[in-house]
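Note that the numbering runs from 1 along the sequence shown for the chain.
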Amino acid sequence: MKTNLIITGLLIITLNSQSQIEFDLSDKKKSTETIELSSNSFILFKNLTYKGVDENQYDFTVDMEEEEIPPIPSVLEKQGDACSCLSAEDMKTKKKFINLQDESKVPLELDKLKKISKSLDPKNQNQSACIDYIHSLISMTTYQFKLQFDIKNNQTIKITVVRKYKLYDLDGKPKSDTSATWVKIFKTPRKSPWQIMYGFTYFPNAMNPVTNYYSRADTSGKSFTISSFNNQSNTFWKNISPTFMVTWKPTVKHDWKKGEIWGSLFSNNFYQLGFTGGLSLNFSSNTGIANVMAGPSLIIADNFSLSGGVAFVQKNVLKGQYADGQIIKENLDFGSLHELQWMCEWFVSLAFRFDGNPFTKADDKSK
């Protein structure tokens, strides 16, 4: 659902270098920008003119999807002029800055103010007051507020700024077109909670162990005894199958350094806990064709996963008409002695994420 917030006025807050979204009014081009996720959800408007701030002539509009933003109160701070100690040239620079009516010229004039501030002596009482005043002018070119929602994946935030105060020509007459509009669209990373991985799965034959048999010839060679294979449950390589896996994982990663303790236990920049479902294929002639599995998974660095759980597998069991130790008159092969049955079994899987399907042919370079 799309919601809208219009903020009229200005909230003056100290510049924060950790702001999540920066909107520079000195650049009037419409653009779309992808931003990183952060729990510190700020919008910082830069290079506002003193004229617009002083006359409260900016409208800020923020459109976002999925989340509602409550109104933010308007606060306007003014500082008295404490710069009587400035030279005539510096006073002219300060006055020019205060009367600026074009946001694209703000960065240049800001640099001039900063140079004036650096040239003053903070130990001198009069000059120290002037430094504070210049800093207050500089602070009025920024506008920052904390969003009342978390920035998440798959979101679009549209920000519109409209300047309302009038521009005048050299004769003091209002220009015909005095408004200006800035529009920027910020997109968070597009991520799906579903991830496809390829790997290998081991079935230990432990939950429902089965025994396989063969017909062993006696000394006369005329009869055969149904006997079990030795060490069959420990045949490691026969219990490994290539696997196609679909893994669900959280799209938001938490940072314990920012106090997100519980969230970071399940999802952080190093690992994430998820859930995996998969299909493995058996190439051994003594097993079923496919196994279906599901269980929790540990995804490390987005590209490697370790999973475990329960699988629904096919296993060869001795047919009902035969029994261990039974003597028969013919030499039966494996398929004649066994039949496939579905049953549950534990599994452990190792899987990797590729940038594409590793089993398909690559397109030619021109594509």
Side-chain angles (χ1 to χ4, degrees), residues 194-249 273-300 303-354 357-360:
W194 299 102
Q195 195 171 69
I196 295 177
M197 292 188 170
Y198 304 89
F200 296 92
T201 299
Y202 172 64
F203 301 95
N205 194 27
M207 180 182 289
N208 289 296
V210 296
T211 302
N212 294 149
Y213 298 87
Y214 71 102
S215 54
R216 177 171 54 85
D218 61 12
T219 55
S220 66
K222 296 181 179 180
S223 61
F224 302 86
T225 302
I226 297 178
S227 306
S228 61
F229 288 107
N230 295 324
N231 300 323
Q232 57 188 313
S233 61
N234 296 324
T235 306
F236 181 80
W237 293 110
K238 286 186 178 181
N239 294 332
I240 289 184
S241 303
T243 306
F244 168 84
M245 310 187 78
V246 178
T247 300
W248 175 91
K249 67 175 186 177
L273 299 182
F275 189 83
T276 292
L279 178 69
S280 69
L281 302 177
N282 297 325
F283 296 114
S284 172
S285 61
N286 294 337
T287 61
I289 297 175
N291 310 308
V292 180
M293 65 200 70
S297 59
L298 175 67
I299 304 101
I300 301 175
N303 292 316
F304 172 77
S305 76
L306 175 64
S307 307
V310 177
F312 200 43
V313 304
Q314 286 181 301
K315 292 187 178 183
N316 284 292
V317 298
L318 190 65
K319 289 183 177 180
Q321 65 265 39
Y322 302 115
D324 186 10
Q326 180 180 347
I327 297 176
I328 56 178
K329 296 300 182 180
E330 57 181 325
N331 185 14
L332 299 179
D333 60 16
F334 187 90
S336 299
L337 287 172
H338 297 84
E339 62 183 0
L340 289 172
Q341 288 187 4
W342 286 97
M343 58 186 67
C344 292
E345 186 56 78
W346 301 114
F347 79 88
V348 177
S349 293
L350 297 177
F352 301 88
R353 182 173 72 94
F354 300 92
N357 188 341
F359 303 109
T360 58

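Scanning for side chain to side chain contact (heavy atoms under 4.5 Å, CB included) contacts around Val348 gives Leu306, with sequence neighbours left out. Partners of Ala351 by side chain to side chain contact (heavy atoms under 4.5 Å, CB included), not counting sequence neighbours, listed by chain and number: Met197, Met245, Ser305. Applying the ring-ring contact (aromatic ring centres under 6.0 Å, His included) test to Phe352 and every residue at least two apart in sequence or in another chain returns Phe304. Residues meeting the side chain to side chain donor-acceptor pair (under 3.5 Å) test with Asp324, sequence neighbours left out: none. For Tyr322, the ring-ring contact (aromatic ring centres under 6.0 Å, His included) test picks out no residue, with sequence neighbours left out. Residues passing the side chain to side chain donor-acceptor pair (under 3.5 Å) test with Thr225: none are found, sequence neighbours excluded. For Asn208, there are no side chain to side chain donor-acceptor pair (under 3.5 Å) partners two or more places apart in sequence or in a different chain. Taking Ala206 as the reference, Pro204, Glu345, Trp346 meet the side chain to side chain contact (heavy atoms under 4.5 Å, CB included) condition, with sequence neighbours excluded. Remark: Phe275 pairs with Ala294 by the side chain to side chain contact (heavy atoms under 4.5 Å, CB included) rule, at least two apart or across chains.
Annotation: side chain of Arg353 is not in contact with side chain of Thr247 (no heavy-atom distance under 4.5 Å). At a threshold of 4.5 Å between non-hydrogen side-chain atoms, the residues Phe244 and Ile196 count as touching. Taking 4.5 Å as the limit, every side-chain heavy atom of Leu350 sits out of range of all side-chain heavy atoms of Phe200.
Of all heavy-atom pairs spanning Phe203 and Ser280, the tightest one is CZ-OG, 3.6 Å. The two atoms that bring Ala290 and Leu281 nearest to each other are CB-CD2, 4.3 Å, heavy atoms only. Residues Met293 and Phe347 share a closest heavy-atom pair of CB-CE2, 3.6 Å. Annotation for Trp248 and Leu273: closest pair CZ3-O, 4.5 Å, computed over non-hydrogen atoms.
Crowding of Phe312 atom CZ: a count of heavy atoms from other residues, nucleotides or ligands under 6.0 Å exceeding 12.
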### Task
Kindly determine whether Asn291 and Thr201 satisfy side-chain contact (heavy atoms from CB on, under 4.5 Å), including the steps that lead there.
CA-CA 10 Å; Asn291 310 308; Thr201 299; over 6 Å; no

### Task
For the pair Val210 and Asn316, evaluate side-chain contact (heavy atoms from CB on, under 4.5 Å) and give the outcome as yes or no after the intermediate values.
CA-CA 8 Å; Val210 296; Asn316 284 292; over 6 Å; no

### Task
In sequence, state the C-alpha distance, the side-chain angles, and the governing distance for Val310 and Met207, and then conclude on side-chain contact (heavy atoms from CB on, under 4.5 Å).
CA-CA 9 Å; Val310 177; Met207 180 182 289; 4.1 Å; yes

### Task
Go through Val246 and Gln195 one step at a time and tell me if the side-chain contact (heavy atoms from CB on, under 4.5 Å) criterion holds.
CA-CA 6 Å; Val246 178; Gln195 195 171 69; over 6 Å; no

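Between the CZ atom of Arg216 and the CD1 atom of Ile328 there is a distance of 11.5 Å, given to the nearest 0.5 Å. The OG1 atom of Thr211 sits 8.0 Å away from the CG atom of Asn205 when rounded to the nearest 0.5 Å. With rounding to the nearest 0.5 angstrom, the CD atom of Gln321 is 9.0 Å from the CG atom of Leu337.
Using modelled atom types, no side-chain atom of Asn212 and backbone atom of Phe229 make a donor-acceptor pair closer than 3.5 Å. Looking at Ser297, its side chain never comes within 3.5 Å of a backbone N or O of Gly295 through a donor-acceptor pair. Here the side chain of Ser349 pairs no donor or acceptor atom with the backbone of Ser307 at under 3.5 angstrom.
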